[in-house]
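Lettering of chains follows the sequences in order, A, B, ..., and the numbering in each one begins at 1. Note: hydrogens, waters and symmetry copies are ignored here, and every other heavy atom, side chains too, is used. Note that the structure is a prediction, hence the values are computed from the model and not measured.
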Amino acid sequence: MSEEIRVRIAPSPSGNLHIGTARTALFNYLFAKKNNGKYVLRIEDTDLDRSSEAFKQNIFDSLKALGLSWDEGPDIGGPYGPYKQSQRFDIYPKYAQMLIDKGYAYECFCSNEDLEKEHEIAKEKKIPYKYSRKCLNLTKEEKDALKAKGIKPSIRFKVDAKELIFNDMVKGELKFDTNLIGDFAIMKSNGTPTYNFAVVIDDMLMKISHVIRGEDHISNTPKQILIYEALGAKVPQFGHLGMILAPDRSKLSKRHGATAVSDFIKQGYLTDALLNFVALLGWAPSDGNEIKNVDEIAADFRINEISSSNSIFEYEKLNWMNGQYIKKMDISKLTDLVLPFLKNYNTSIYSRKQLEHIIEVTREPVTLLSDFENDTYYFFNEPDYTEVDEIIKGDVAKIVLPKFLEQVQNYDFDNEEDIHDKLGELRSYFKENHSFKPKETMWAIRSALTGRTRGADMVATIQILGKDEANKRLKTAINYAQ
RNA sequence: GCCCCCAUCGUCUAGAGGCCUAGGACAACACCCUUUCACGGUGUAGACAGCGAUUCGAAUUCGCUUGGGGGUACCA
């Protein structure tokens, strides 16, 4: 029983990588990692009309950004390629023919109109739809006649009535009555495989041992098992994950905001935080510490302990987690990530070291990388006093600012401690002589220097702005108050 | 309609018959810290969907009801 563990993630390139798919990918990745298995990427593009190269690229990029790189895939190949279904079109008909020969499948000449009619009748009679098997017993002559007319058949799998049971890794025992299924198509009349067929053939040929996917695939599973059995192939283990729902409990879609991983990244979410957050949807760390990297999660991951219910995607915790990652991240790495969000500013006025300092002192309240744009505004732009008009024109500022301006001339700008001490002296001075609260003194100074009442540590701010800029801004503020 | 899945604080979850007067995290609220906003710290409030059954004992097992989700294609 030392068979190799092989899992796969099989997105279809009909959209950008969805956050739900990312979670599925994560769980597959974790399962592979934990069990020393292989994790393969397969692109399911049998529906050529809905698939696009751009989406495929987005899927690659997003998965890579998340750090969920694959052991085998369309771009890097592997022993069981090709890994793109559109490049495997020649292999499906062989297996379909094999099923026909063995009596597990048959050609169906029904047109779309015929089928629609069957659907309508079922609907009118209020009975569950099931294919009529009209084409099941066609004679060779009848089939040849139809083909001579140019009608291309689809191929249907013949479903026999029986109770089908399988043990799901996350849901437990699942039972189905195949009598309810009806003969389903495995090859379309255009010679292309249907999803359920392509999946089975590919998983079989790629030697996938465990299929971990969303629970929207539960009802596909009995069909797929039937095909495996007809083919005489080993049926993989299945595990179905609950879905991610929007706060209104509907499917997470564009109208709820971001759904694609690339959207989240654009909004300023960190991939590590995204991954960590999404892992917590269904999985819980055994030590209670929720902030964990992929390796730590993998070590603690047990597929059968995954919650089998759906979970709602709420932003609050993601935001909190993103903030946690921003606070803890290496400052140089963080700066690299923040800089693109500061493209509207002339960041060249500062050295790299200063930029890192700016990020360092502004990172604390930040939840998204994009927050840095607003939070660092005053380091790159002249302060706008409209927001602090009252403070600057107030009595406190009128007394504090000129005195502060005078004091600034003696600051040692290379020495934060000096600035810190002198500011402290200033606060004490105004408290004793004018009974200004320390808070009021600082507000006046902050307002003049930044145009804000909140922001980074004042000492650091003064130090970063430098003597000339501080002088200039203070004079502007004093004039503004006139 | 039919089939399937799911059901613990607002949300994510811990809990696999007595450790549960149900624990944690986010959010909320209060207080503390503080040169602001925050961060951080300390607290408060907040849930086993309902009903039956099994059992000495049920959040945990079983059944029904209700609610939510998924599927019902020659889409994936």
Side-chain angles (χ1 to χ4, degrees), chain A residues 10-15 44-47 49-51 85 108 110-112 115-116 119 122-123 125-131 152-156 168 170-172 174-177 180-182 184-199 214-222 240 242-243 245 247 249-251 277 280-286 288-291 305 307-321 323-324 327 362-366 375 420 423-424 426-427 437-443 445-447 450 452-459:
Chain A
S12 96
S14 55
E44 309 221 322
D45 55 351
T46 50
D47 187 349
D49 294 337
R50 295 203 310 168
S51 301
Q85 287 184 332
C108 171
C110 292
S111 66
N112 278 328
L115 265 14
E116 266 168 43
H119 269 103
K123 210 172 179 184
K125 288 189 182 166
K126 298 203 169 169
I127 53 168
Y129 170 75
K130 216 175 128 182
Y131 175 62
K152 295 245 190 298
S154 64
I155 298 173
R156 282 183 185 276
D168 190 279
V170 348
K171 303 269 186 194
L174 261 26
K175 277 185 204 163
F176 296 88
D177 179 0
L180 269 11
I181 295 176
F184 58 93
I186 55 175
M187 291 295 290
K188 305 177 198 172
S189 53
N190 67 4
T192 297
T194 63
Y195 164 76
N196 278 126
F197 192 55
V199 166
E215 70 172 34
D216 47 338
H217 286 291
I218 287 184
S219 55
N220 287 323
T221 309
H240 290 94
M243 321 226 50
L245 268 27
R249 293 182 180 280
S250 69
K251 216 182 217 169
F277 173 72
L280 257 19
L281 263 28
W283 170 83
S286 52
N289 180 199
E290 297 186 321
I291 305 247
E305 284 174 7
S307 158
S308 58
S309 49
N310 294 341
S311 39
I312 293 173
F313 190 100
E314 293 271 22
Y315 277 89
E316 277 89 8
K317 194 157 183 174
L318 206 212
N319 289 342
W320 166 77
M321 189 165 272
Q324 292 295 312
K327 274 184 264 300
T362 47
R363 90 213 278 198
E364 203 141 78
V366 163
D375 291 358
H420 177 269
L423 258 186
L426 200 67
R427 281 196 296 275
K437 289 181 197 155
K439 212 189 248 189
E440 294 177 303
T441 303
M442 295 305 284
W443 261 331
I445 293 172
R446 179 181 293 281
S447 298
T450 70
R452 305 268 175 101
T453 54
R454 58 173 93 163
D457 172 72
M458 214 49 245
V459 174

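- Remark: E44(A) engages R42(A) in a salt bridge (charged side-chain N to carboxylate O under 4.0 Å, His left out) (not counting sequence neighbours).
- rC20(B) and rG15(B) have their C1' atoms separated by 9 Å, given to the nearest Å.
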Determine, for nucleotides 59-74 of chain B in 5'-to-3' order, which nucleotides have protein heavy atoms under 4.0 Å from the base (write B), from only the sugar-phosphate (write S), or from neither (write -). ----------SSS-SB
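- Taking the ring-ring contact (aromatic ring centres under 6.0 Å, His included) definition, one finds that H240(A) meets it with nothing, sequence neighbours left out.
- Note on G282(A): only backbone sugar-phosphate atoms sit closer than 4.0 angstrom, heavy atoms only; bases stay farther off.
- With a cut-off of 3.5 Å on both Watson-Crick or G-U wobble distances, the partner of rA45(B) is given as none.
- Spacing of P atoms, rG63(B) relative to rG70(B), comes out at 24 Å, to the nearest Å.
- The closest donor-acceptor contact from the side chain of R427(A) to the backbone of E440(A) lies at 3.5 Å or more, if one exists at all.
- For S308(A), no side-chain nitrogen or oxygen approaches OP1 or OP2 of rC5(B) to under 4.0 Å.
- Regarding H240(A), its NE2 atom lies at a distance of 12 Å from the P atom of rC6(B), rounded to whole Å.
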As a quick check of understanding, evaluate side-chain contact (heavy atoms from CB on, under 4.5 Å) for H217(A) and V199(A), giving each step before the final call. CA-CA 11 Å; H217(A) 286 291; V199(A) 166; over 6 Å; no
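- The same atom, C1', is picked in rC51(B) and in rA7(B); the two are 15 Å apart, to the nearest Å.
- The residue T441(A) sits apart from the nucleic acid: no heavy atom pair falls under 4.0 Å.
- With both ends at atom P, the span from rA38(B) to rA30(B) equals 12 Å, rounded to whole Å.
- Following rounding to the nearest Å, N319(A) (CG) and rC12(B) (C1') show an atom-to-atom distance of 14 Å.
- Atoms CZ (F277(A)) and P (rU11(B)) sit 13 Å apart, rounded to a whole Å.
- Here the side chain of L180(A) is nearest to one of rG1(B), rC26(B), rC3(B), namely rC3(B).
- Side-chain N or O atoms of N310(A) include one that pairs as donor or acceptor with a backbone N or O of M243(A) at under 3.5 Å.
- Rounded to whole Å, the separation between the P atoms of rA22(B) and rA47(B) comes to 10 Å.
- Atom C1' of rA49(B) sits at a distance of 12 Å from the matching atom of rA59(B), rounded to the whole Å.
- If you check rA76(B), rG1(B), rC4(B) against the side chain of T46(A), the one that comes closest is rA76(B).
- Pair check for rC26(B) finds rG10(B); Watson-Crick or G-U wobble, both atom distances under 3.5 Å.
- Listed by chain and number, the residues in a side chain to side chain contact (heavy atoms under 4.5 Å, CB included) with Q324(A) are I291(A), W320(A), K327(A), K328(A) (sequence neighbours excluded).
- Shown here are the salt bridge (charged side-chain N to carboxylate O under 4.0 Å, His left out) partners of D47(A), two or more places apart in sequence or in another chain: R50(A).
- Taken from CG in N220(A) to CD1 in I181(A), the straight-line distance is 9.5 Å, to the nearest 0.5 Å.
- Remark: F277(A) pairs with F313(A) by the ring-ring contact (aromatic ring centres under 6.0 Å, His included) rule, at least two apart or across chains.
- In terms of the ring-ring contact (aromatic ring centres under 6.0 Å, His included) criterion, residue partners of Y129(A) (sequence neighbours excluded) are, by chain and number, H119(A).
- When Watson-Crick and G-U wobble pairs are counted only if both distances are under 3.5 Å, rG17(B) pairs with no nucleotide at all.
- Using Watson-Crick or G-U wobble geometry with both donor-acceptor distances under 3.5 Å, rC2(B) finds its partner in rG71(B).
- S219(A) is linked by a side chain to side chain donor-acceptor pair (under 3.5 Å) to nothing, counting only residues two or more places apart in sequence or in another chain.
- Taking atom OH of residue Y195(A) and atom P of nucleotide rC75(B), one finds them 13 Å apart after rounding to whole Å.
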Short N/O separations, protein against nucleotides 15-17 of chain B, under 3.5 angstrom:
none

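- Checked by atom type and distance alone, the side chain of T192(A) never pairs as donor or acceptor with a backbone atom of K188(A) at under 3.5 Å.
- Checking rU13(B), rC2(B), rC12(B) against the side-chain heavy atoms of P128(A) singles out rC2(B) as nearest.
- As a whole-Å value, the separation of E290(A) CD from rA27(B) C1' is 13 Å.
- Using P as the reference atom, rG57(B) and rC19(B) are 15 Å apart when rounded to the nearest Å.
- Separating the CH2 atom of W283(A) from the P atom of rG24(B) is a distance of 19 Å, rounded to the nearest angstrom.
- Atom CD of E44(A) is separated from atom C1' of rA76(B) by 7 Å (rounded to the nearest Å).
- rG40(B) is paired with rC32(B) under the criterion used here, namely a Watson-Crick or G-U wobble arrangement in which both key atom distances are under 3.5 Å.
- Of the two residues near RNA chain B, S14(A) and Y315(A), the one whose nearest nucleotide lies more 5' is Y315(A).
- Under the Watson-Crick or G-U wobble criterion, with both distances below 3.5 Å, rC62(B) is paired with rG52(B).
- Going from atom CD1 of I127(A) over to atom C1' of rC2(B) covers 11 Å, rounded to whole Å.
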Look for any protein N or O under 3.5 Å of an N or O in nucleotides 35-43 of chain B and output each such pair with its distance, or none.
residue	atom	partner	partner atom	Å
rU35(B)	O4	D457(A)	OD1	2.9
rU36(B)	O2'	W443(A)	NE1	3.2
rU36(B)	O2'	T453(A)	O	3.0
rU36(B)	O2	T453(A)	O	3.4
rU36(B)	O2	G455(A)	N	3.1
rU36(B)	N3	R446(A)	NH2	3.1
rU36(B)	N3	G455(A)	O	3.1
rA38(B)	N3	E364(A)	OE1	3.4
rG40(B)	OP1	Q324(A)	NE2	3.2

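- Residues passing the side chain to side chain donor-acceptor pair (under 3.5 Å) test with S311(A), sequence neighbours excluded: none.
- By the side chain to side chain donor-acceptor pair (under 3.5 Å) test, D375(A) pairs with no residue at all, sequence neighbours left out.
- The gap from the P atom of rA76(B) to that of rU72(B) amounts to 11 Å, rounded to the nearest Å.
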